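Accompanying notes for the structure given below.
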Amino acid sequence: MKYDHQSIEIKWQRTWEESGAFHCDHHSDKPKYYVLEMFPYPSGNIHMGHVRNYSIGDVVARFKRMQGFNVLHPMGWDAFGLPAENAAIKHGTHPAKWTFSNIDNMRTQLRRLGYSYDWRRELATCTPEYYRWEQQFFLRFFEKGLVYRKQAPQNWCPKCHTVLANEQVIEGLCWRCDSAVEQKNLTQWFLRITDYAEELLADLDKLEAGWPERVVSMQRNWIGKSIGAEIVFPLEGTDGSANNGSITVFTTRQDTVFGATFMSLAPEHPLVEQLIDGKPEAPAVRAFVERIRNMDRIVRQSDDLEKEGVFTGAYCVNPFTGRRMPIWVANFVLAEYGTGAVMAVPAHDQRDFEFARKYDLPMQVVIQPEGDALDTAAMQAAWTEAGLLVNSGEFDGLPNEAAKQKIADSLETSGKGRRTVNYRLRDWNISRQRYWGAPIPVVYCDACGVVAEKDENLPVLLPLEVRTHEDGRSPLPDTPEFAECACPKCGGKARRETDTMDTFVESSWYFARYTSASKDDGAFDPAALKYWMPVDQYIGGVEHAILHLLYSRFFVKALRDCGYMDLDEPFANLLTQGMVLKEGAKMSKSKGNVVDPTEMIARYGADTVRLFCLFAAPPERDFDWSDSGIEGSYRFIGRIWRLAEELSGVLMPVKACSATAADAATPQGKDLRNKEHATVRKAGADISDRFQFNTAIAAVMELVNALYLAKDELSGDEGGRKVLSSSVATVLTLLSPITPHIAEELWASIGNAGRITDEPWPQWSEEALARDEETIVVQINGKLRGRVSVPAGADAKAIEAAALSEPNVARHLEDVTVRKVVVIPGKLVNVVVG
RNA sequence: GCCGGGGUGGCGGAACUGGUAUACGCGCUGGUCUUAGAAGCCAGUGGUUCACACCGUGCGGGUUCAAUCCCCGCCCCCGGCACCA
């Protein structure tokens, strides 16, 4: 019979569906295992990246089920977001309609791949049943001060017509559309992720065991912790007295404070205007500040921008040396980092060094490398390495690391400053000036000000009847039925917040909602949440290393502190899969190198597509789609099909690894059974320990090759047939998580009663792996010269004797002196000659 | 500059704890089957060489009986962070 993948696959998909084969709940005696793949944005069609991601997840889910775990494996839709609005504008449809029709289409495509989801838990984040809980979280955050309003310059994407969080700006460009991001001053809602900076950083240590190192390191970089001190520099008054306010700086190098010879302020520093007031320098400073502020953000932040500054005419005083320090405004000082002011230590900081050379500012060496003497006149660059303190009063002679502590102590006892920690991480701006998102449950009342909605008024429904704007502007402010409302506090006339939430908010908690997706009187069922969380294995693209994965970690901690869950981290283990490329490049419509999964499934079937995605490369690595490669996978499936067909009169309905030593009486039978058990061992280890599906599949291919070579010899007698049947059963069982449809079909055609999906993972046995003879490699001076076969477990002496008498070895040993013989039983002999 | 990952046949990739380098697949070559082809099945396939043998895991050293693997010094590629004080 011909291998008709289409009808076979649809048949089994229907069978699994109708019997609820992959339904699960939290009332179970089995150990739980929660495997999750990052849910897709419903763009309309699945692409190969999804297929790879979800195929990896499905193997893990099915494998763990076979190993006896109670597996939660859900799927849903990250359904709010810009493309829906853009498509709606373009095609004159409604974002909701567009989204739900895409979801229907993609759900069909995923079902056609045979993934073992519990579809009862499916969720779409754009439904009120989902986002109402998000609005509830917002209210709890509001009560706790975890969400607040702030006016500040924000990242504005002119094309998307909305602001972006810092994490969503990649090298100055919008993460979504690559437009250059502009700065815009707006009042926005922020989540206090910085309150959790330390915990987010510290808990990365716990994740090191289960997360890829590079993701952990990317998050560490992003959080960007710097340990240092704040130091207060008093301003010098017009009369020279130090009583006219002060400038606070942040530094990690308080050990160099005696070398601070001038002060650098960011152009945006709030003190600038006060310092120059009435001074002759004022016009020049104002012109400089204006020029810098108007610079393009990307140009301004580029590393080869020349250091420039202007003197303010004002001075402050070094609190340790009493030195009078001119205050400059400098283009390289960032207003948004630290305090926006830098104590300049030109002798020990490269930027300050260049700045001082350019403007002829004084330098003072305060750290001397051991056995050397720095001379400011001769220095070509700042000395930024370790050394001993000089010109630093009571701290002279201390190694600079020790001096950091001593000076920090001194700051604190003298009140000149304090130890402090600075983070690069900024609070998360969650306001978006777009329509297709979750409404922020807040109103603005003339009488009461900013008022949070009441719990009982949730959900604040996103109105579906709106008139969209051609330019992408949100229609919500122009929708009176939505924007005009009653104040929850005084009942008076009020205006609703018309910004919606960043869609990364929805994806920050969906994994927890799956544990009780249909619950309608609360966000989570506590028992289900406690049972299933955390996610044991999370799988997705590395492009979310910071964005989604950092937000989700923060959200879990915030929800924990609001009493929703008792959990510190959402994802115990993370697998970041590589991209699917074509001709070395990312697939894209503009390049015309897109491989359509639907087409591939139509031609080869879901099993072949799944198999190839897993076989082509280990999951972490990028892989290049190859047309001849998928042909190879299709050929392998055909090879199994033909094997079963050819042996149809021979094979018996038996379980994997069921042939006994007595069945395998002949040398061929013994070898095959041995190979069978070795394959089970290797495939199991490759999948469970390392997610190396490619080598697991390679091992099964070897077993199939061995079956082809042994089948004619073995089909002659009862024992041989039993060995063949057992090995075929093993092939099908091991492949069932990878190519489940053909595995089910052949399993049934051999006459087995149940489904292979419900089979346990086979057990290999030591006895079957044991060999009578083993091959020992013989080397002379580390070079391979021959092999000998010895009885299994032979002792070193016997192995050595056999090795030395091997003809080729013996030939090489003529006329040389044997100095030493290294024998590794079971492996090799190395004869050292000289 | 700092942090992380990587460099193995014509190609994708194996090699577990230092012990047969190149498993498995692709491609290629030959055989078989066929009137012929396709498909299938079988065999071969790192380089030099008739062979013996020699060379071979980015480069140069080192440790070891033995190094793709460990150590030292470099080169190149990919990703992240970066005038961050």
Side-chain angles (χ1 to χ4, degrees), chain A residues 170-171 212-226 228 249-254 256 264 266 300-307 330-334 336-345 348-352 354-355 384 422-424 542-543 545-546 612 615-618 620-633 635-636 638-639 642 646 682 685-686 689-690 692 694-702 704-705 708-709 775-787 808 811-812 819-824 826-834:
Chain A
I170 315 291
E171 287 172 5
E213 215 174 312
R214 65 176 178 142
V215 176
V216 171
S217 114
M218 281 161 80
Q219 292 213 355
R220 282 210 180 98
N221 277 340
W222 189 260
I223 295 167
K225 181 180 185 178
S226 300
V249 303
F250 171 74
T251 181
T252 57
R253 293 298 307 272
Q254 63 269 20
T256 63
S264 303
R300 186 174 165 186
Q301 302 256 324
S302 76
D303 43 359
D304 42 51
L305 183 72
E306 188 177 343
K307 287 164 194 47
N331 65 344
F332 62 88
V333 181
L334 306 173
E336 62 272 17
Y337 186 80
T339 62
V342 181
M343 68 172 201
V345 185
H348 303 293
D349 180 281
Q350 189 56 28
R351 288 160 309 197
D352 297 340
E354 288 167 29
F355 198 81
T384 55
N422 228 296
Y423 298 93
R424 213 187 68 96
V542 75
E543 65 273 16
I546 295 171
F612 181 59
F615 180 64
E620 300 251 6
R621 219 181 288 194
D622 289 348
F623 93 83
D624 215 345
W625 184 270
S626 139
D627 294 332
S628 49
I630 191 163
E631 286 283 349
S633 291
R635 215 173 294 161
F636 173 62
R639 206 162 144 79
R642 288 185 297 273
E646 196 180 323
K682 175 155 177 62
D686 286 353
D689 303 349
R690 310 190 297 158
Q692 293 259 351
N694 54 331
T695 53
I697 293 164
V700 179
M701 286 175 169
E702 287 189 58
V704 170
N705 292 345
Y708 263 88
L709 295 181
T775 302
I776 303 292
V777 169
V778 189
Q779 300 178 334
I780 294 172
N781 284 351
K783 287 199 168 73
L784 181 67
R785 292 295 181 220
R787 325 156 192 263
N808 196 44
R811 192 168 61 78
H812 276 91
R819 304 219 178 268
K820 187 172 162 187
V821 180
V822 182
V823 181
I824 311 294
K827 284 240 152 92
L828 62 63
V829 175
N830 190 11
V831 187
V832 185
V833 301

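Chain identifiers are assigned alphabetically (A, B, ...) following the order of the sequence lines, protein sequences preceding nucleic acid strands; residue numbering begins at 1 within each chain. Since the model is a prediction, treat every value here as computed from it, not as a measurement.
When the side-chain nitrogen and oxygen atoms of A/T695 are compared with OP1 and OP2 of B/C24, none of them lie within a distance under 4.0 Å. Of the side-chain N and O atoms in A/R635, none sit less than 4.0 angstrom from OP1 or OP2 of B/C41. Using a 4.0 Å cut-off, no side-chain N or O of A/R220 falls inside it from OP1 or OP2 of B/A82. Regarding contacts with the backbone of B/A15, a side-chain N or O of A/R690 is found under 4.0 angstrom from either OP1 or OP2. OP1 or OP2 of B/C41 sits under 4.0 Å from a side-chain N or O of A/Y708. A sub-4.0 Å separation between OP1 or OP2 of B/A14 and a side-chain N or O of A/R621 is present. Taking side-chain N and O atoms only, A/R642 has a distance below 4.0 Å to OP1 or OP2 of B/C41. Proximity of A/Q692 to the phosphate of B/A14: a side-chain N or O atom is located under 4.0 Å from OP1 or OP2. When the side-chain nitrogen and oxygen atoms of A/N694 are compared with OP1 and OP2 of B/G25, none of them lie within a distance under 4.0 Å. In this model, the phosphate group of B/A23 is not approached by any side-chain N or O of A/N705 to a distance below 4.0 Å at OP1 or OP2.
Comparing B/A53, B/G19, B/C42 by their closest approach to the side chain of A/V822 singles out B/G19. Here the side chain of A/I824 is nearest to one of B/G19, B/G27, B/A14, namely B/G19. Candidate nucleotides B/A14, B/C26, B/A85 were compared by shortest atom distance to the side chain of A/S628, and B/C26 ranks first. Distance from the side chain of A/R785 is smallest for B/A53 among the nucleotides B/A53, B/C83, B/C84. Listed nucleotides: B/G19, B/G4, B/C83. Nearest to the side chain of A/K827: B/G19.
Rounded to whole Å, the distance from CD on A/Q779 to P on B/A67 is 9 Å. Atom P of nucleotide B/G5 and atom CD of A/E213 are separated by 4 Å, given to the nearest angstrom. Rounded to an integer number of Å, the gap from CD1 of A/I697 to P of B/G25 is 12 Å. Spacing between atom CG of A/N781 and atom P of B/C65 amounts to 11 Å, rounded to whole angstrom units. In this entry the distance linking CZ of A/R811 with C1' of B/A53 reads 9 Å, nearest Å. Between A/D352 atom CG and B/C84 atom C1' the separation is 13 Å, expressed in whole Å. Whole-Å rounding puts the A/D622 CG to B/C11 C1' distance at 16 Å. In this structure, the CZ atom of A/F636 is 11 Å from the P atom of B/C26, given to the nearest Å.
In terms of position along RNA chain B, the nucleotide closest to A/V777 lies nearer the 5' end than the nucleotide closest to the other residue of the pair A/V777 and A/Y337. Mapped onto RNA chain B by nearest heavy atom, A/R787 and A/S226 fall at different nucleotides, with A/R787 at the one closer to the 5' end.
Using a 4.0 Å heavy-atom cutoff across all strands shown, A/H812 reaches sugar-phosphate atoms only and no base atom. Backbone-only engagement by A/K783 is indicated by non-hydrogen atom pairs under 4.0 Å involving sugar-phosphate atoms exclusively. Within 4.0 Å of A/P212, counting heavy atoms only, lies no atom of the nucleic acid at all. Residue contacts for A/D624: at a heavy-atom cut-off of 4.0 Å it reaches no nucleic acid atom on any strand shown. Within 4.0 Å of A/G338, counting heavy atoms only, lies no atom of the nucleic acid at all. Nucleic acid contact class of A/V215 (heavy atoms, under 4.0 Å, all strands): none. Counting any heavy atom pair closer than 4.0 Å across all strands shown, A/N830 reaches a base atom. A/E306 comes within 4.0 angstrom of a nucleotide base, judged by non-hydrogen atoms across all strands. Here A/S626 lies out of heavy-atom contact (under 4.0 Å) with every strand.
With rounding to the nearest 0.5 Å, the separation of OG1 in A/T252 from NZ in A/K225 is 13.5 Å. Rounded to the nearest 0.5 Å, atoms CG (A/N781) and CG (A/N830) are 7.0 Å apart.
Taking 90° from 0 as the syn/anti boundary, the base of B/G40 is oriented anti.
Pairing each heavy atom of A/V704 with each of A/R639, the nearest pair is CG1-NE, 4.2 Å. In this structure, A/A545 and A/Q219 approach most closely via the heavy-atom pair O-NE2, 2.8 Å. Across every non-hydrogen atom of A/H348 and A/T384, the tightest pair is O-CG2, 3.4 Å.
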Test log, rule side chain to side chain contact (heavy atoms under 4.5 Å, CB included), inputs A/R785 and A/V831 = CA-CA 10 Å; A/R785 292 295 181 220; A/V831 187; over 6 Å; no
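Judged by distance alone, the side chains of A/R424 and A/N221 never bring a donor and an acceptor atom under 3.5 Å apart.
When the C1' atom is compared between B/A66 and B/U17, the two are found 15 Å apart, to the nearest whole Å. Comparing B/U8 with B/U68, their C1' atoms are spaced 7 Å from each other, to the whole Å. To the nearest whole angstrom, the two P atoms, one in B/C11 and one in B/U57, are 15 Å apart. The gap from the C1' atom of B/C54 to that of B/G40 amounts to 41 Å, rounded to the nearest Å. Rounded to whole Å, the P atom of B/A14 lies 13 Å from the corresponding atom of B/A23. Only the P atoms considered, B/G10 is 24 Å distant from B/G61, to the nearest whole Å. Separating the C1' atom of B/G9 from that of B/C41 is a span of 26 Å, rounded to the nearest Å. A distance of about 37 Å separates the P atoms of B/C28 and B/C76, rounded to the whole Å.
With a 4.5 Å cut-off on side-chain heavy atoms, A/Q779 and A/V822 do not count as touching. For the pair A/V345/A/R253, no side-chain contact is recorded, criterion being any heavy-atom separation below 4.5 Å from C-beta on. Proximity of A/V829 to A/V823: side-chain heavy atoms (C-beta onward) are separated by under 4.5 Å at one or more points. By the 4.5 Å heavy-atom criterion applied to side chains, A/V342 and A/R351 are not counted as neighbours.
A donor-acceptor pair under 3.5 Å is absent between the side-chain atoms of A/D349 and the main chain of A/A344, judged by distance alone.
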Convert the base pairs of RNA chain B into dot-bracket notation, remembering that pairs crossing earlier ones are written with [ ] and that bases paired across to another strand are shown as |; include only Watson-Crick or G-U pairs under 3.5 Å.
-> (((((((..(((......[....)))((((((.......))))))(((....)))..(((((..]....))))))))))))....
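Side-chain rings of A/F615 and A/F636 stay apart, their centers remaining 6.0 Å or farther from each other.
Checked against ring-ring contact (aromatic ring centres under 6.0 Å, His included), A/F250 has no partners two or more places apart in sequence or in another chain.
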Table of protein N/O atoms under 3.5 Å from nucleotides 61-64 of chain B N/O atoms:
none

